[in-house]
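Beneath this line is the structure, given in structure tokens, with notes to follow.
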There are 2 protein chains.
Amino acid sequence: MPKIGTRLRELRRRRNLGVREVALRSGISHSSISLIERDCMSPSIDTLSAILDALGTTLTGFFSDLNSTVPHSPFYEASEWVEIGKAQTISYRMLGMNYPNRQILMLHETYAVGADTGEPFSHSAQEAGTVLHGAVEVTVGDECRVLKTGDGYYFDSRMPHRFRNVANEPSTVLSAVTPPTY
Amino acid sequence: MPKIGTRLRELRRRRNLGVREVALRSGISHSSISLIERDCMSPSIDTLSAILDALGTTLTGFFSDLNSTVPHSPFYEASEWVEIGKAQTISYRMLGMNYPNRQILMLHETYAVGADTGEPFSHSAQEAGTVLHGAVEVTVGDECRVLKTGDGYYFDSRMPHRFRNVANEPSTVLSAVTPPTY
DNA sequence: CCCTCTTGTTCAGTATTCTAACCATGCTTA
DNA sequence: TAAGCATGGTTAGAATACTGAACAAGAGGG
């Protein structure tokens, strides 16, 4: 929830463009541009996309630049892990939920007996982790291996991957993903 | 303008969460979630931000993952450079305007006699370029140097930087910025 | 079979974004 | 000083995002 408007205004000014000029190029009214830049309005994705287009930027580029220098405590207590999956056979609890501009998603994963992430899926990121307790069968691409306490992994998330608890007790894994898109 | 909805639905499903569950956590109504996921609605930044938050992701992370593998021609004719600045003392023309998921902003810059980018500014990216014609004084941080045809530069855009044409004729520069946030 | 709990979708009404026309200010030129 | 034309800001009304309640379909469970 950073000051999108301020950043947009900077981008525009840097190009020596007027509000009306950007309006013309983007197909958005100049009044909207004005309101958005002064954070009086939260634009829809379509609108923002159109404006960025007129400025020669992209949504990806725009948001990759959100380097808020907001100071924040580096410490998190054990109780501050937040469950982001549904309590079921697998639990995903993340660290630093409210840390500004996170680039890493650190997860504490708990797999019930026989739990399985199901069919392999892939997403664009890099992923690393280690088994804290139990035994987990990890499949990455066409490679498969059973990891036990202390064992770890590291792979490009674009490789299809899958986790399965093969211990006769709950297993836990600590992992990290960047960018935080799991 | 990609299928944001589809991606959101994937993220949610991957977490075994229901529409209502995400609604509860994000403070957005479940009906909106449904509409957004089916691309029937273009959510505002605030709304999207809230939803991503409930999924443990960020705007930055979400958009950094937009790896559309849409095929597109790699070739652009000279006439296809698009002016993104206002025709004035400095002209900025970019390459590959409509290339999907651009990660690089390549610019053909033309500086009129005496033209100056003004007070140094900074943004989070990396930047490289070379002088094609004329002579340009480049200031990066507290270092200053006059670059002539064939000379080049490479710096982290977070360093405040400034360009000034010191030739008695127009100067041209070819540069690249990544991510495309200039 | 009915009941209940879950799932996601639909739709009428409300809140917000967005537009178009108007307004205020400052700069340039006459 | 006035006229002209930039700049960005304000505001009533149109368009669209958003909400809450009602609906439909499926999965168990008794």
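Since the model is a prediction, treat every value here as computed from it, not as a measurement. To find a chain, count down the sequence lines: A is the first, B the second, and so on, and within it residues start at 1. Every heavy atom of this structure was used, including side-chain atoms; hydrogens, water molecules and symmetry mates were not.
Here B/S34 reaches the OP1 or OP2 of C/dT9: one of its side-chain N or O atoms lies under 4.0 Å away. The shortest distance between the side-chain N/O atoms of A/R9 and the OP1/OP2 oxygens of D/dG9 is below 4.0 Å. When the side-chain nitrogen and oxygen atoms of B/R38 are compared with OP1 and OP2 of C/dT10, one or more of them lie within a distance under 4.0 Å.
If you check the side chains of B/S44 and B/T47, you find a donor sitting under 3.5 Å from an acceptor. With hydrogens and angles left out, the side-chain atoms of A/S29 and A/S32 include a donor and acceptor closer than 3.5 Å.
In this structure, B/Y111 and B/V166 have side chains that are not in contact, with every pair of non-hydrogen atoms separated by 4.5 Å or more.
Taking atom CZ on B/R12 and atom C1' on C/dG8, their separation rounds to 8 Å, with Å as the unit. If you take CG of B/D46 and P of C/dT16, they are 11 Å apart, rounded to a whole angstrom. Taking atom CG of B/L24 as the reference point, atom C1' of D/dT19 lies 15 Å away to the nearest angstrom. Nucleotide D/dG8 holds its P atom 17 Å from the CG atom of A/D39, rounded to whole Å.
Applying the salt bridge (charged side-chain N to carboxylate O under 4.0 Å, His left out) rule to pairs touching residues 130-139 of chain A yields A/E137-A/R164, sequence neighbours excluded.
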Grab the N/O contacts between the protein and nucleotides 18-25 of chain C below 3.5 Å, and write none if there aren't any.
from	atom 1	to	atom 2	distance (Å)
C/dC18	OP1	A/S44	N	3.1
C/dC18	OP1	A/S44	OG	3.0
C/dC18	OP1	A/T47	OG1	2.6
C/dT19	OP2	A/S29	N	2.9
C/dT19	OP2	A/S29	OG	2.9
C/dT19	OP2	A/S32	OG	2.8
C/dA20	N7	A/S31	OG	3.4
C/dA20	N6	A/S31	OG	2.7

side-chain contact (heavy atoms from CB on, under 4.5 Å) assessment of A/I45 paired with B/I45: CA-CA 6 Å; A/I45 295 294; B/I45 295 295; 3.6 Å; yes

Take A/T58 and A/T60 through the test side chain to side chain donor-acceptor pair (under 3.5 Å) and record every step on the way to the result. CA-CA 5 Å; A/T58 61; A/T60 303; 4.5 Å; no

